[in-house]
Number of protein chains: 2
Amino acid sequence: MLRADGVTPVEAAPADERDHDVRDRDVEEALAALGPSVTAPRRAIVEVMLASNRLRTPEDLLREARAIAPATSLATVYRTLERLHMAGRVKRATLSSGAVGYAYCGTGHHEHAICLRCGSVRPVSPCLISGSPAIEGFSATSHVLDFYGLCDRCAAEER
Amino acid sequence: MLRADGVTPVEAAPADERDHDVRDRDVEEALAALGPSVTAPRRAIVEVMLASNRLRTPEDLLREARAIAPATSLATVYRTLERLHMAGRVKRATLSSGAVGYAYCGTGHHEHAICLRCGSVRPVSPCLISGSPAIEGFSATSHVLDFYGLCDRCAAEER
DNA sequence: ACCAGATTGAGAATGAGTCGCATTTGCAAT
DNA sequence: ATTGCAAATGCGACTCATTCTCAATCTGGT
C-alpha cells in the first residue's frame with residue numbers, strides 16, 4: 001500500500017471504506033480550521049476525508065467528493081489538503097505506487113501508526129517523545145515519528 | 001531551509017560546505033553499496049555527497065559532481081540517489097522552497113536530526129525507539145523518527 | 001438585497017523525476 | 001594488452017502530479 005520514506009514497499013489495498021462514522025462535530029471543526037468561509041466543495045472534501053482514515057490520492061478524494069458536491073475541482077482538493085496539512089490535520093505518505101496519499105488524522109500533536117497493507121492512518125497519542133532527548137550538538141524543537149506495520153484487521157486477514 | 005513533512009518552513013541556508021573531511025573509506029563503502037561497478041559518475045556523486053551532510057537538490061549535486069566527473073548526467077544523479085536511498089544511506093526531505101533535498105547519513109538504522117537553518121542532517125543513534133511500543137490495535141514493524149531544530153553552529157549564528 | 005473579499009473551476013503551465021535506447025564503461029577471462 | 005558482455009550512462013523526449021492564472025461565483029456581514 002505505501003512506501004515509508006525510504007522503507008519497504010507494500011501491496012495494494014482492499015476497498016471497503018467507512019471504518020468510522022462521520023461525526024458532524026469533527027466536520028465543523030475541520031471546516032473552521034480552513035477559514036471562515038464554508039463552501040460546498042470544502043464541506044464535501046472534509047466529509048470524505050473524515051469518512052475514512054485511509055490514505056487516498058487527490059484523485060480518489062476528488063471522485064468521492066464529487067459524489068457530494070459535483071462541481072468540485074482537483075485544484076480545490078489540493079488547496080484544501082494543503083491547508084489541512086499545514087494545520088497538522090492531514091498526514092501525507094507515499095504509496096507503493098509512488099503516488100502520494102493523504103489521510104485525516106485529527107488535531108494536536110501526535111505520532112502516526114500507518115498500516116502498510118490498507119493504508120489506514122491512526123493518530124498515536126500521547127506523544128512518545130517526551131522532553132526533547134539530548135542530541136549531541138543539536139537542539140530539537142519538533143519531531144515527526146511514524147510507525148509502520150499492520151493494523152489489527154489487516155494482521156488478521158493477512159494469513 | 002526545509003519543510004518537515006507538515007511542519008514549519010524555514011529560511012535559506014548559507015553556503016560554506018565541507019563540514020567534514022571526505023573519508024575515503026566511506027566513499028568505498030558507499031560505492032560498494034551501489035553495486036560491483038565503480039564508475040566515474042558514481043564516485044563523483046558519492047564523494048560530493050559525503051563531502052557535506054547538508055541537504056542538497058539533485059541539481060546542486062549534479063553541478064558539484066560535474067566538477068569532478070564532467071560527463072555526469074542528471075539521470076545518473078537520480079539513479080544513484082535512488083539506490084542510496086533504498087539502501088537507507090540517504091535522507092530525503094522537502095526544502096522550504098518546495099524542492100526535495102538529499103543528504104548522506106551513513107549506514108544502519110538511526111534517527112535523523114535535521115537543522116532547519118542550514119539543512120544539515122546528522123544521524124542519531126542508537127535508536128531512541130526501543131522495543132516497539134504498544135500501540136492499541138496496531139503492531140509496528142518499523143518506524144521513522146526525525147528531529148527538527150538547530151545544529152549548534154546555526155544556533156550560535158542565529159542571534 | 002448588497003458588497004468586498006475569499007473561493008472556485010477549468011485548463012494551461014510548470015517542473016521534478018522517469019524512460020528508452022544507442023553508446024560507453026567496468027571488469028574478468030583470455 | 002585484448003576481448004566480450006553485462007551493467008551503467010547520457011541525452012532528450014516524455015509523464016504526470018501539482019501549481020498557477022484569472023474571470024466568474026460564492027460567503028458572510030451589513
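Just so we're on the same page: letters track the sequence lines, and every chain starts at 1. All of these numbers come straight from a predicted model, not from anything done at the bench.
Of all nucleotides in DNA chain D having an atom under 4.0 Å from a heavy atom of chain A, the first and last in 5' to 3' order are D:dA17 to D:dG28. On the nucleic acid side, DNA chain C has its first and last nucleotide under 4.0 Å of a heavy atom of chain A at C:dT7 to C:dA10, going 5' to 3'.
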**OP:** Test A:T141 against B:L150 for side chain to side chain contact (heavy atoms under 4.5 Å, CB included), laying out the working first.
**Re:** CA-CA 8 Å; A:T141 54; B:L150 294 177; 6.0 Å; no
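The salt bridge (charged side-chain N to carboxylate O under 4.0 Å, His left out) analysis of residues 94-107 of chain B, with sequence neighbours excluded, yields no pairs. For residues 110-129 of chain B, the ring pair (Phe, Tyr, Trp, His ring centres under 6.0 Å) pairs, not counting sequence neighbours, are B:H110-B:H112.
Applying the salt bridge (charged side-chain N to carboxylate O under 4.0 Å, His left out) criterion to A:R63, with sequence neighbours excluded, gives A:D60. Under the rule for a side-chain contact (heavy atoms from CB on, under 4.5 Å), the partners of A:T76 that lie at least two apart in sequence or sit in another chain are A:P41, A:I45, A:S73, A:R79, A:T80. Under the salt bridge (charged side-chain N to carboxylate O under 4.0 Å, His left out) criterion, A:E136 pairs with no residue, sequence neighbours left out. Partners of B:R43 by salt bridge (charged side-chain N to carboxylate O under 4.0 Å, His left out), not counting sequence neighbours, listed by chain and number: B:E28, B:E47.
Side-chain contact between A:E64 and A:V77 is absent, with no heavy atoms from C-beta onward closer than 4.5 Å. Between B:L145 and A:E111 there is no side-chain heavy-atom pair separated by less than 4.5 Å.
The residue B:R42 sits close only to the backbone: its heavy atoms come under 4.0 Å of sugar-phosphate atoms, none of a base.
Recorded end-axis angle for the helix from C:dA1-D:dT30 to C:dT30-D:dA1 stands at 40°, based on five pairs per end and rounded to 10 degrees.
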Acceptor/donor pairs from residues 98-109 of chain B side chains to any protein atom, 3.5 angstrom cut, sequence neighbours excluded:
unit_1 : atom_1 : unit_2 : atom_2 : d
B:Y102 : OH     : B:R92  : NH1    : 3.3
B:Y104 : OH     : B:R89  : NE     : 3.4
B:H109 : NE2    : B:H143 : NE2    : 3.2

